[in-house]
Visitor: 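A single structure is presented below for examination.
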Amino acid sequence: MTAVQHNLLAFDTSTDQMSVAVQRGADGQRFVHTGAGGAQSSATLIPTVQALLAQAGLGLGDLQAIVFGRGPGSFTGLRTACAVAQGLAWGAGVPVLPVDTLRAVAEAARQSQPAAHDARRVLALLDARMGEVYAAEYAFSPAAGWQALGDAAVLPPEALAAPPAGTLLAGHAAAVYDARLPAAVRALPRADVLPTAAALLDLAPALLAAGHAVPAEQALPLYIRDKVAQTTAERSAAGLPR
């Protein structure tokens, strides 16, 4: 989508999948790893980063930025991503580029489509647990890239408003909550994708050019749910497992 011109490290640990990639700007080659996310990523992310940098023949100081999925997503995964991004960037003196994970879902969905199908509008959904989904809508144009059509939200699947016909439903939450989706949302074409490091790398050039890179200390998570736990009584009332 955009000409390669940066040495970049990218990773996302917001879901049960850990996705890491290094891009070598000199030739555009990418070195990619996918593994188990969640709690495991706290132990495996840094060694994976070190191994990919070694494969690319780059050091942390050679990077133009460290790109990471800032959320929404797994609280444990987001804390891991922010801590690692902040620590590595601080030590190397390079900026960080926080990217919304739902935007990365939209880009991963666009990448997954056949060349003949140009995904221009996406409803991105991720499983927020506790019977809810994280949701955001995006529109794509070759000139402007992805534009958010509103703020990301956390809500029950039944509360999703139906976007225009032809919108691509993206993310793994659609399969998890299929029976609870409104009929008009359930009928949309789907791309069962997760936020990936490759999507982060493809989003990065435009975001860097727009000045979205920040100092290491601003590697902060995006939380859109204030309450992260429910009592047993609340979960029972909602029909959720205790």
Visitor: Y138 and L149: side-chain contact (heavy atoms from CB on, under 4.5 Å), yes or no, with the steps?
Guide: CA-CA 5 Å; Y138 297 91; L149 301 178; 5.6 Å; no

Visitor: Between V105 and V193, does a side-chain contact (heavy atoms from CB on, under 4.5 Å) hold up when you go through it step by step?
Guide: CA-CA 7 Å; V105 168; V193 297; 4.1 Å; yes

Visitor: Group every Ile, Leu, Val, Met, Phe, Trp and Tyr by side-chain heavy-atom contacts under 4.5 Å, then state whether V84 and Y223 land in the same group.
Guide: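 Cluster IDs for V84 and Y223 differ.
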
Visitor: Once rounded to the nearest 0.5 Å, what's the spacing between atom CZ of R103 and atom CZ of R70?
Guide: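 It comes to 9.0 Å.
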
Visitor: Tell me the closest heavy-atom pair linking D192 and G171, and the distance in Å.
Guide: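 Scanning both residues completely, I find the closest heavy atoms to be OD1-O, 3.7 Å.
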
Visitor: Just so I know, are the side chains of T196 and T34 near enough to count as touching, which here means a heavy-atom distance under 4.5 Å?
Guide: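 When only atoms from C-beta onward are counted, T34 and T196 do not touch, as no gap falls below 4.5 Å.
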
Visitor: Minimum heavy-atom separation for G166 and L188, please, with both atom names.
Guide: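 Result for this residue pair: N-CD2, 4.5 Å.
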
Visitor: What are the two closest non-hydrogen atoms of P157 and R180, and how far apart are they?
Guide: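 Looking at all heavy atoms of both residues, the closest pair is CD-NH2, 3.3 Å.
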
Visitor: E217 and W90: side chain to side chain donor-acceptor pair (under 3.5 Å), yes or no, with the steps?
Guide: CA-CA 8 Å; E217 62 269 21; W90 184 277; over 6 Å; no

Visitor: Apply the test side-chain contact (heavy atoms from CB on, under 4.5 Å) to residues F68 and C82: give CA-CA distance (whole Å), side-chain angles for both, the deciding distance (0.1 Å), then the verdict.
Guide: CA-CA 8 Å; F68 70 98; C82 291; 3.7 Å; yes

Visitor: Looking at side-chain heavy atoms only, is the closest gap between V133 and V154 below 4.5 Å?
Guide: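 A side-chain contact under 4.5 Å is absent here.
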
Visitor: Hey, is the main chain of P72 close enough, under 3.5 Å, to the side chain of T101 for a donor-acceptor pair?
Guide: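 Indeed, once roles are kept as given, a pair shorter than 3.5 Å links the two residues.
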
Visitor: Which pair of heavy atoms, one from A92 and one from G61, lies closest together, and at what distance?
Guide: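 Result for this residue pair: CB-N, 4.2 Å.
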
Visitor: Got a salt bridge between R129 and D16, using NZ or NE/NH1/NH2 to carboxylate O under 4.0 Å?
Guide: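 Here R129 pairs with D16 in a salt bridge, since their nearest N and O are under 4.0 Å apart.
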
Visitor: Side-chain contact test, heavy atoms from C-beta onward, threshold under 4.5 Å: evaluate it for V67 versus L203 and give yes or no.
Guide: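 Contact flag for V67/L203 side chains = no.
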
Visitor: Hey, does P98 have a side-chain heavy atom less than 4.5 Å from the side chain of L222?
Guide: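 L222 vs P98: side chains apart.
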
Visitor: Regarding Y177 and D127, do their side chains bring together a donor and an acceptor under 3.5 Å, going by distance alone?
Guide: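 Indeed, the side chains of Y177 and D127 share at least one donor-acceptor pair under 3.5 Å.
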
Visitor: With heavy-atom distances below 4.5 Å as the criterion, would you say the side chains of L8 and L63 are in contact?
Guide: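 No; the side chains remain at least 4.5 Å from each other.
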
Visitor: Do L88 and V96 share a hydrophobic cluster, counting only Ile, Leu, Val, Met, Phe, Trp and Tyr and linking them when any side-chain heavy atoms are less than 4.5 Å apart?
Guide: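 L88 and V96: one cluster.
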
Visitor: Taking atom OG of S14 and atom CZ of F75, what is their separation to the nearest 0.5 Å?
Guide: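 If we round to the nearest 0.5 Å, S14:OG and F75:CZ are 12.0 Å apart.
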
Visitor: Going hydrophobic residue to hydrophobic residue with side-chain gaps under 4.5 angstrom, can you get from I46 over to L60?
Guide: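 Looking at the clustering, L60 is in the same group as I46.
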
Visitor: CD of E132 to CG of L125: how many Å apart, nearest 0.5 Å?
Guide: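 Nearest 0.5 Å value for the CD-CG distance: 12.5 Å.
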
Visitor: Give the cluster check for F31 versus L201: same hydrophobic cluster or not, with ILVMFWY residues linked at side-chain heavy-atom distances below 4.5 Å.
Guide: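 No, F31 does not connect to L201 through the hydrophobic network.
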
Visitor: At what distance, to the nearest 0.5 angstrom, does CG of L123 lie from CG of L169?
Guide: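 Spacing of CG (L123) from CG (L169) equals 5.5 Å.
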
Visitor: What closest approach, in Å, do V22 and A56 show between heavy atoms, and which atom pair accounts for it?
Guide: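 What the structure gives for the nearest pair is CG1-CB, 3.8 Å.
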
Visitor: When you measure from the side chain of T167 to the backbone of V122, do you find a donor-acceptor pair of N or O atoms at a distance under 3.5 Å?
Guide: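 Checked: no pair found.
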
Visitor: Taking side chain as C-beta onward, heavy atoms only, is Q23 less than 4.5 Å from N7?
Guide: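 SC-SC contact between Q23 and N7 ruled out.
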
Visitor: State, with a plain yes or no, whether a side-chain heavy atom of R121 is found less than 4.5 Å away from one of L168.
Guide: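 Not in contact.
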
Visitor: Give a yes or no on whether L207 and V214 share a hydrophobic cluster (residues Ile, Leu, Val, Met, Phe, Trp, Tyr; joining criterion: side-chain heavy atoms under 4.5 Å apart).
Guide: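 No; tracing contacts between hydrophobic side chains, which count when under 4.5 Å, never links both residues.
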
Visitor: Measure from NZ or CZ of R110 to the centre of the six-membered ring of F140, then state whether that distance is under 6.0 Å and the direction lies within 45° of the axis.
Guide: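 Ring-cation test returns yes.
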
Visitor: Check whether any side-chain N or O of R186 sits under 3.5 Å from a backbone N or O of L181 as a donor-acceptor pair, and report yes or no.
Guide: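 Flag set: sc R186 to bb L181 pair under 3.5 Å.
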
Visitor: Do the non-hydrogen side-chain atoms of M18 and L45 ever get within less than 4.5 Å of each other?
Guide: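 With C-beta onward as the side chain, the pair touches.
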
Visitor: Does the pair H33 and L52 meet the rule for a side-chain contact (heavy atoms from CB on, under 4.5 Å), with working shown?
Guide: CA-CA 8 Å; H33 173 86; L52 292 182; 4.1 Å; yes

Visitor: Salt-bridged, D178 to R190, with N to O below 4.0 Å?
Guide: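 The answer is yes: the pair qualifies as a salt bridge.
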
Visitor: Work out which heavy atom in A81 is nearest to a heavy atom in F11; give both atom names and the distance.
Guide: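 Of all heavy-atom pairs spanning A81 and F11, the closest is O-CE1, 3.5 Å.
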
Visitor: Decide whether D202 and Q111 meet the rule of one side-chain donor and one side-chain acceptor closer than 3.5 Å.
Guide: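 Q111 and D202 do have a side-chain donor-acceptor pair below 3.5 Å.
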
Visitor: Using 0.5 Å steps for rounding, measure from the OG atom of S42 to the CZ atom of R79.
Guide: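 Going from the OG atom of S42 to the CZ atom of R79 covers 10.5 Å.
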
Visitor: Using 0.5 Å steps for rounding, measure from the CD1 atom of I66 to the CG atom of L200.
Guide: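 Reported to 0.5 Å precision, the distance equals 13.0 Å.
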
